[in-house]
Amino acid sequence: MSRGRARPQAAGSSHAAALVLVLVVALSSSLGGRGCYAAAGEDEEQPAVDYREALAKSLLYFESQRSGRLPYNQRVTWRGHSGLTDGLQQGVDLVGGYYDAGDHVKFGLPMAFTVTMLSWGAIEFGTDIAAAGEWHHALEAIKWGTDYFVKAHTEPFVYWAEVGDGDTDHYCWQRPEDMTTSRQAYRVDKDNPGSDLAGETAAALAAASIVFRRSNPHYSHLLLHHAQQLFEFGDRYRGSYDSSIEEVRSYYASVSGYHDELLWAALWLHRATGRDDYLRYAVDKADSFGGVGWAMTEFSWDVKYAGLQVLAAKLLLDGEPQAAEHRSVLEQYREKAEHYLCACLGRNNGSNVDRSPGGMLYVRQWNNLQYASSAAFLLTTYSRYLSGSGDRLLRCPDGPAAPGELLALARSQADYILGRNPRRLSYMVGYGRRFPVQVHHRGASIVSHKEDNRFIGCMQGFDDWFGRGRSNPNVLAGAIVGGPNCRDEFRDDRGNYMQTEACTYNTAPMVAVFARLHRLTTAAAVEANASDTSPEECRRQDAAALRLSAECR
């Protein structure tokens with residue numbers, strides 16, 4: 001696992017102590033305590049947030065989304081084998097991978113972003129995931145995706161972008177095990193380029209190669225080889241994949257273009273290889289590709305700028321030797337990264353990310369929780385980068401922020417998702433006392449084929465299951481649904497797909513966030529039991545908070 005190198009504490013600085021206190025204040029309310037650090041307005045009747053349970057279920061969710069032949073250790077037992085002839089028409093093996101959401105198309109761009117985020121989380125917070133006992137499941141979730149990407153990269157300049165057709169798939173409501181819809185496969189190549197897809201897949205494979213470097217060096221090398229070839233493909237033959245594949249435009253059009261994915265891939269390849277030519281690529285094309293020009297207020301499967309800007313900023317914060325030569329451009333990257341983070345914190349001179357009355361970061365109506373979860377990830381990650389640097393403060397137009405403040409905002413988004421919101425509804429399926437029960441998901445909404453193996457046809461699923469108005473027979477545990485609107489309003493209805501459909505890229509960023517919060521709240525519980533306390537005990541807890549500095553650095 002790669003971690004930021006510790007830097008000497010600045011002489012006379014009180015930032016470290018302040019950071020620890022902010023962290024304890026931010027996190028202690030998660031412990032269900034009522035003593036020194038009870039959060040203002042905290043509803044004591046709500047149960048404590050269990051980040052470990054959320055972490056475990058988030059990884060379980062990816063097993064529900066598996067396509068292909070399921071392994072013997074499959075834990076989601078209501079699922080079965082599916083898509084076993086994918087690629088057969090084209091003479092290639094495209095069995096495997098993930099369904100992105102509640103349908104059965106395998107869309108390459110969001111699938112690759114999902115794996116990139118799982119891998120990034122494993123790189124930065126692998127020890128936290130392992131401490132919660134979920135490291136093996138995290139590796140399995142990543143490898144299910146990367147195995148498929150290797151299959152789909154059949155030639156150096158050929159990548160299979162999609163299996164299935166969104167239009168025909170959406171006309172049917174069937175279990176994946178009963179699919180009768182088209183399994184047509186679509187590819188990008190030299191004549192039909194897809195630089196955004198090639199770049200994102202290269203980023204996913206490069207990041208995953210770091211994850212597997214110690215445990216499976218041969219596999220790591222294989223992933224890196226494919227990552228380098230895909231980056232070369234995307235860079236040499238430039239073009240957006242949705243211009244080459246018309247069928248994807250209505251579902252996952254690359255609105256941001258491909259420049260962000262090429263910069264993103266270059267920075268991941270630099271991190272995986274240490275080669276200066278990849279860093280030089282990101283520096284030389286920083287301006288022309290928008291890396292230092294686009295100041296963003298979202299980070300998503302389509303728009304990677306904030307993520308790549310954070311990666312570039314890390315080089316400066318870590319004091320990487322290669323960063324010195326490129327310092328001026330990397331400083332511009334860092335400035336844009338901090339624009340995004342300050343916007344999330346509401347300290348960006350008015351150019352901020354909106355929030356709902358209940359505190360949810362709000363970007364847009366359709367599947368808004370994807371933006372809240374990706375923001376929580378970048379906030380958690382940058383908090384760690386700052387804590388290990390000599391700077392220790394986020395530079396915002398409306399005043400600096402300590403790393404603990406970034407983490408506190410990330411925690412507020414995690415808690416909102418897990419039920420600490422105006423509706424007291426968990427937006428993670430299967431977590432908490434109340435959660436969505438009519439998730440827009442074909443497999444979950446129809447009786448499991450293991451309970452009833454009679455074939456369910458295309459329209460029969462609509463007639464018998466989609467519109468019946470009852471809870472799904474199968475719980476899609478760990479899925480984070482699209483979530484509420486800007487007024488914290490949510491309607492649990494299977495037909496309300498803008499709010500009740502769950503996507504892999506909603507949950508993927510939260511794996512690391514849950515792991516980090518679990519580790520920190522566990523440490524805080526040991527050091528400072530936030531129960532009813534006397535003034536003397538409060539003073540003891542203040543001292544305990546300071547002793548957490550080693551963890552926070």
Side-chain angles (χ1 to χ4, degrees), residues 65 67 82-83 86-87 94 97-117 145 148-149 152 159-174 176 179-188 192-201 204 239-258 260-261 298-304 363-371 373-374 439-443 445 458 461-462 466 479-483 494-508:
Q65 297 303 109
S67 180
S82 64
D86 285 358
L94 297 177
Y98 287 112
Y99 304 121
D100 72 299
D103 52 22
H104 302 136
V105 184
K106 295 191 295 199
F107 291 105
L109 187 59
M111 192 193 310
F113 178 71
T114 293
V115 173
T116 306
M117 296 309 296
Y148 177 76
F149 300 154
Y159 186 77
W160 292 89
E162 178 180 335
V163 179
D165 171 62
D167 290 340
T168 59
D169 183 273
H170 284 64
Y171 289 141
C172 289
W173 195 264
Q174 290 177 289
M179 273 191 292
T180 57
T181 51
S182 168
R183 301 307 289 171
Q184 174 74 32
Y186 305 87
R187 76 182 208 175
V188 291
N192 304 282
S195 301
D196 29 26
L197 175 60
E200 182 58 61
T201 309
S240 294
Y241 89 122
D242 57 358
S243 296
S244 298
I245 303 172
E246 183 178 351
E247 288 76 9
V248 80
R249 292 178 196 167
S250 299
Y251 301 96
Y252 287 103
S254 183
V255 178
S256 70
Y258 58 80
D260 52 339
E261 278 86 8
E298 74 170 87
F299 174 51
S300 68
W301 61 266
D302 179 27
V303 186
K304 314 293 164 43
V363 175
R364 59 179 55 91
Q365 185 176 6
W366 194 318
N367 188 19
N368 181 70
L369 285 182
Q370 66 172 305
Y371 307 109
S373 67
S374 59
V439 183
H440 183 93
H441 188 277
R442 289 158 176 76
S445 67
C458 177
F462 277 117
F466 178 83
I480 296 176
V481 298
R494 200 170 292 113
N496 180 23
Y497 49 83
M498 294 178 69
Q499 293 189 326
T500 63
E501 188 167 23
C503 301
T504 56
Y505 45 87
N506 295 17
T507 296

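For the numbers below, each heavy atom of this structure counts, side chains included, while hydrogens, waters and symmetry mates do not.
- Using a 3.5 Å distance cut-off with no hydrogens or angles, the side chains of Glu200 and Thr116 do pair a donor with an acceptor.
- Nearest heavy-atom pair across Glu501 and Ala101 is OE2-CB, 3.4 Å.
- In this structure, Tyr171 places its OH atom where only 12 or fewer heavy-atom neighbours from other residues, nucleotides or ligands lie under 6.0 Å away.
- Between the NE2 atom in His440 and the CZ atom in Phe466 there is a gap of 6.0 Å [rounded to 0.5 Å].
- Counting heavy atoms from C-beta outward, Asp86 and Trp160 have side chains that stay 4.5 Å or more apart.
- Scanning all heavy atoms of the two residues, the minimum distance from Leu369 to Val481 falls at CD1-O, 3.4 Å.
- Listed for the Ser374 side chain is a donor-acceptor partner under 3.5 Å among the backbone atoms of Phe299.
- In this structure, Ser240 and Gly257 approach most closely via the heavy-atom pair OG-CA, 4.1 Å.
- Heavy atoms of other residues, nucleotides or ligands lying less than 6.0 angstrom from CD of Gln184 number more than 12.
- The two atoms that bring Ile245 and Ala161 nearest to each other are CD1-CB, 3.4 Å, heavy atoms only.
- Proximity of Glu162 to Tyr252: side-chain heavy atoms (C-beta onward) are nowhere separated by under 4.5 Å.
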- Task: List the steps and the verdict of side chain to side chain contact (heavy atoms under 4.5 Å, CB included) for Met111 and Gln65.
- Result: CA-CA 11 Å; Met111 192 193 310; Gln65 297 303 109; over 6 Å; no

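- No donor-acceptor distance shorter than 3.5 angstrom exists from the side chain of Thr201 to the backbone of Ala112, with no hydrogens or angles considered.
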- Message: Checking Val363 against Asn368 for the side chain to side chain contact (heavy atoms under 4.5 Å, CB included) test, could you report, in this order, the C-alpha distance in whole Å, the side-chain angles of both residues, the deciding distance, and whether it holds?
- Response: CA-CA 6 Å; Val363 175; Asn368 181 70; 3.9 Å; yes

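- Donor-acceptor pairing under 3.5 Å is lacking for the side chains of Tyr258 and Asp242.
- For the atom pair OG of Ser254 and CH2 of Trp301, the computed distance is 7.0 Å after rounding to the nearest 0.5 Å.
- For the pair Ser195 (side chain) and Gly239 (backbone), a donor-acceptor distance under 3.5 Å is present.
- The two residues Val439 and Arg494 come nearest to each other via the heavy atoms O-CG, 3.8 Å.
- In this structure, the separation between OG on Ser182 and NE2 on His104 is 14.0 Å, given to the nearest 0.5 Å.
- Judged by distance alone, with hydrogens and angles left aside, the side-chain atoms of Asn192 form no donor-acceptor pair with the main-chain N or O of Ser244 at under 3.5 Å.
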- Message: Using side-chain hydrogen bond (donor to acceptor under 3.5 Å, both in side chains), reason through Gln370 and Ser300 one step at a time and then give a plain yes or no.
- Response: CA-CA 7 Å; Gln370 66 172 305; Ser300 68; 5.1 Å; no

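- Between the side chains of Ser82 and Tyr99, at least one donor N or O sits under 3.5 Å from an acceptor N or O.
- Note: Glu261 CD to Ser256 OG = 5.0 Å, rounded to the nearest 0.5 Å.
- When every heavy atom of Thr181 is checked against every heavy atom of Cys172, the shortest pair comes out as CG2-SG, 3.7 Å.
- Results of the side chain to side chain contact (heavy atoms under 4.5 Å, CB included) test with Thr114 over Thr507, Leu109, Thr504 single out Thr504 as the only residue that passes.
- Atom OH of Tyr186 sits in a crowded spot, with more than 12 heavy atoms from other residues, nucleotides or ligands closer than 6.0 Å.
- Put simply, OG on Ser67 and CE on Met179 are 5.5 Å apart, with the number rounded to the nearest 0.5 Å.
- Here the rule is side-chain hydrogen bond (donor to acceptor under 3.5 Å, both in side chains) with Tyr251, and of Asp167, Asp103, Asp100 only Asp167 fits it.
- Asn506 places a side-chain N or O within donor-acceptor distance of the main-chain N or O of Ile480, the cut-off being under 3.5 Å.
- Looking at heavy atoms from C-beta onward, Tyr241 lies in side-chain contact with Val248 at the 4.5 angstrom threshold.
- With contacts defined as side-chain heavy-atom distances shorter than 4.5 Å, the pair Asp169/Arg442 qualifies.
- Counting heavy atoms from C-beta outward, Arg364 and Glu298 have side chains that approach closer than 4.5 Å.
- Once rounded to the nearest 0.5 Å, the distance linking CE of Met117 with OG of Ser373 reads 8.0 Å.
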